[in-house]
Asks: 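This structure is in C-alpha cells; I'll ask about it shortly.
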Amino acid sequence: RPPAATRNFSIIAHVDHGKSTLADRILERLGAMGERDKRDQTLDTLELERERGITIKSTPIRLEYTRPLFEDGTGGETYVLNLIDTPGHVDFNYEVSRSLAACEGVLLLVDASQGVEAQTIVNAYLAIDNNLEIVPVINKIDLPAADPEGAAKELEDVIGIPAEDAVFASAKAGIGIDEILEAVVARIPPPSGDPEAPLKALIFDSFYDAYQGVILFVRVLEGTVSAKDQITLMNADRSFEVDKVGTFTPGLVVGEQLQAGAVGWVAAGIKDIADAQVGDTLTGRERKTPEAFPGFKPAQPVVFSGLYPTDTEDYRKLRDALEKLKLNDAAFSFDPETSEALGFGFRCGFLGLLHAEIIQERLEREYDLDLIATAPAVVYRVTLTNGDVFETQNPAEFPTRDRMTSVEEPYIKLSVMLPEDYVGPVMGLLQERRGSMVTMNYLGKRVELVYEVPFAEILYDFHDRLKSISRGYASMDYEQLGYRDGDLRKVDILVNNEIIDALAVIVHETKAYALGRKIVDKMAEVIPRQMFPVPVQATIGAKIIARATVKAYRKDVLAKCYGGDISRKKKLLNKQKKGRARMKQIGTVEVPQEAFLAVLSTD
Ligand code: GTP
C-alpha cells in the first residue's frame, strides 16, 4: 500500500476528557470492536488500568477508513489509519513523547465543560515539539455545562491553536465523529520516507512475549523491514535476526514487510527488554542509517523505595515475581538490599509514584505477596569532604553533615491550572513545598502557575493537598528539570533506642523538626502497646529533635499472669497480636507497615 494513503495519529488529552471513549467510538465507526465490554481486547488492557480509569500501556490499532462520496464528486478513497494510544500519566511522559514521534498528527481533546487543563498544555507542547499537526477537538458538547466556543478560545489563547480549527464533538453521543475522521485525512499529512533507503525505525513501545521474546512496536521512518533481515538496535548496540513483522488490527497480525511510513511490530527473538528500549532506533546491520532518531533517553527510575516481604520466607518468591515484572518493564529496576530492621528485600526504582503503586499492587494481587514498602525517595547527589561525588536514593546510606560538603536534589518544573479563587492558598502550598514561581498566566477566570519545585516535595501528599485546597478544581503536570543545591539532612528514627534504618528520611533543614515530630507522633500512635514503654525518637546526627512514647500495657492486662510466669505472659500477648497482618518484629518491638509510611501521612 502506498504511504500516501496512510495517516498515523494519536489522541492526547487531560485525564478524563474522554480519550478512551473517543477512541472506542472511532473504532466502532470503522467496524472494529468498539463496544465498552470488548474494551479489554482493544485499547486499555491491564486490569489495573480499567479499575483506575487510566491508560498505562499504549497499543496501536490499524483501521481502514473509506471516505463517503460527496456531492461534488470527491470522496470514496480508502485510507489506513494507525491510531496510536498514549499513556495518560505524567510518570510515562517519555513514552508519550515517543508515541507522538511515531505520528504525523494528533487529536487534541478538550472537555467543553472543563476547558484547558494542565495536561492539555503539556501534551500539546509535546506534540508541537514533535512538529505534529494538531487537530483540536472540543468534546462533551452534549453536557449542559458545555461551553464549546469558550474551550476553543482558551486553546487559542493558551497554545495559539486557532479557535476556528476546532471540531465540536461528543464521543459519548457519537456527535462529530465523521467530521473528526475527515479532519484526520484532510489535515494530518501522510508519512514521508523512502522505502529504498537504509532501514530507520523508531521503537515507541514493546512488550515481552513468552514465546517470541520482546515484541517491538515500531514506526518505520525510512526503508523496509521483513522477516530474516539482520537488524541492529543503535543505542543498545545489539544485533538480531527478524523472525516476523506485522501490524495491529488490534492484536498482532503477521505481515510480509513494513515500509517507510508504516506502524507495526517486529519480533526478533530479543530476550531482554533492556536491549529494546523505547526511543531506540532499528537499522540494518549491514546497511546502516547515518543517524539514530534523536532524543533517546534510557529508561531511568527516579523514585526509589524498599520492598520487603512481611514473611521472610517469601524472599525468593518476591525475587521471582520482580524478575517476571522486569521482563516487561525496562523502566523498573530492583537490587537486593538488606535492612537491619527489615531483613532481606529489594531496593526498587520507578518512573514515579503511580508506577511504584502499580508494581506494588501487581506483586500483591498477581503474586500473592504481603509487602512492607518503605517511604519513596528521590536520587540525591552528595559531594563528600574528600571530593568524591556519589548518588544515593537510599536514606540509610546518606552521610552525616560532617562527612559532606554539599548535596544536590532533583527539581521539577510544575504547572498547575486552577480557578483564580484558589490562587492564594495554592501559592501558599507551593511556597511551603519550597517552590519558586516562574510564571503566572491569567486566562479568563483561570490561572496557570508555573513553579520550580524540589521533586521530593511533591512525592508525598502534594497532589491530595492540591486537590483538597482547590476543591478538586486544580490540575497539575510536571517535567524533570535537573539538579540544584539543597540544604538537606538525614533524620533517623529510633524505636526503643535502636535506629531503624528503613525509616530514615532525607529532608530540608528548615523542615526537619516538623517532620521528625510528625513521624514520631504517628509512630507512637500506630505501634501497638508492649509490656514496657517504648520510646520513639527522631534524631539528626546525635541530636534528638523529637520524641514520643508508646505507653506500656496497663497493669491489669498482665495482672492475670501471676507475675513471674514468662511463658504464660507471652502466650497472652501473642494471642492479642494474632490477626494483625503486616507486622515486622524489630528487636523486641512489633512495628506495623503504617509506621514505615508515617512520613507520608497527611494529618
Ligand atoms: P484516561 O484514559 O484516564 O486518560 O481518561 P480518558 O480521557 O480516556 O477519559 P474516558 O474516555 O475514560 O472518559 C472519562 C469520562 O467522561 C467517562 O465517564 C466518559 O463516559 C465521559 N465522557 C467521555 N466523552 C464524553 C462525552 O462526549 N460526553 C459526556 N457527557 N461524557 C463523556
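Read the numbers this way: they start at 1 and go in the same order the structure lists the ligands and their atoms. These values consider heavy atoms only, across backbone and side chains, with no hydrogens, waters or symmetry-generated copies.
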Asks: Keeping Ser475 on the side-chain end and Ala118 on the backbone end, is there a donor-acceptor pair under 3.5 Å?
Replies: yes
Asks: What atoms in ligand 1 come closer than 4.0 Å to a heavy atom of Asp142?
Replies: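 Numbered from 1, ligand 1 contributes 26 (C), 27 (O), 28 (N), 29 (C), 30 (N).
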Asks: Measure across Glu409 and Arg434 and return the closest heavy-atom pair with its distance rounded to 0.1 Å.
Replies: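 Closest pair (atom of Glu409, atom of Arg434, distance): OE2-NH1, 2.8 Å.
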Asks: At less than 4.0 angstrom from any non-hydrogen atom of Thr21, what atoms of ligand 1 do you find?
Replies: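 Listed by number with element: 10 (P), 11 (O), 13 (O), 19 (C), 23 (C), 24 (N).
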Asks: Would you say Gly18 has any N or O atom under 3.5 Å from an N or O of ligand 1, going by distance alone?
Replies: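 N/O-N/O distance under 3.5 Å: yes.
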Asks: If hydrogens are left out, which of His17, Lys140, Lys172 has an atom nearest to atom 15 (C) of ligand 1, that is, the closest non-hydrogen atom?
Replies: Lys140
Asks: Between Ala173 and ligand 1, does any nitrogen or oxygen pair lie at a separation below 3.5 Å?
Replies: no
Asks: Given His355 and Asp329, is the side-chain hydrogen bond (donor to acceptor under 3.5 Å, both in side chains) satisfied, shown in steps?
Replies: CA-CA 10 Å; His355 190 211; Asp329 190 347; 2.8 Å; yes
Asks: Which of the atoms in ligand 1, numbered in the order shown and given with their element, are less than 4.0 Å from a heavy-atom of Ser170?
Replies: 26 (C), 27 (O), 28 (N)
Asks: Tell me if a side-chain donor or acceptor on Arg446 pairs with a main-chain N or O of Leu418 at a distance below 3.5 Å.
Replies: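 Not at all, since once roles are kept as given, no pair shorter than 3.5 Å links the two residues.
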Asks: Once you restrict to heavy atoms under 4.0 Å, what part of Asp16 touches ligand 1? Side chain, backbone, both or neither.
Replies: both
Asks: So, does Asn139 use its side chain to make a donor-acceptor pair with the main chain of Ala171 at under 3.5 Å?
Replies: yes
Asks: How close do Phe332 and Lys326 get, heavy atom to heavy atom, and via which atoms?
Replies: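 Nearest heavy atoms, Phe332 then Lys326: O-NZ, 2.6 Å.
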Asks: Could you list the atoms of ligand 1 found under 4.0 angstrom from a heavy atom of Leu143?
Replies: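 Those qualifying, in numeric order: 30 (N).
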Asks: Can you sort out which atoms of ligand 1 are near Ser20, meaning under 4.0 Å from one of its heavy atoms?
Replies: 2 (O), 6 (P), 8 (O), 11 (O)
Asks: With distance as the sole test, does Glu452 use its side chain to make a donor-acceptor pair with the main-chain N or O of Tyr411 at under 3.5 Å?
Replies: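 Flag not set: sc Glu452 to bb Tyr411 has no pair under 3.5 Å.
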Asks: Out of Asn139, Asp85, Ile141, whose heavy atom is nearest to atom 24 (N) of ligand 1?
Replies: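 When every heavy atom of Asn139, Asp85, Ile141 is considered, Asn139 comes closest to atom 24 (N) of ligand 1.
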Asks: May I ask you to identify, for Ala13, whether its side chain, its backbone, both or neither come under 4.0 Å of ligand 1 on a heavy-atom basis?
Replies: neither
Asks: Less than 4.5 Å apart, any side-chain heavy atom of Leu221 and any of Phe293?
Replies: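 Sidechains of Phe293 and Leu221: in contact.
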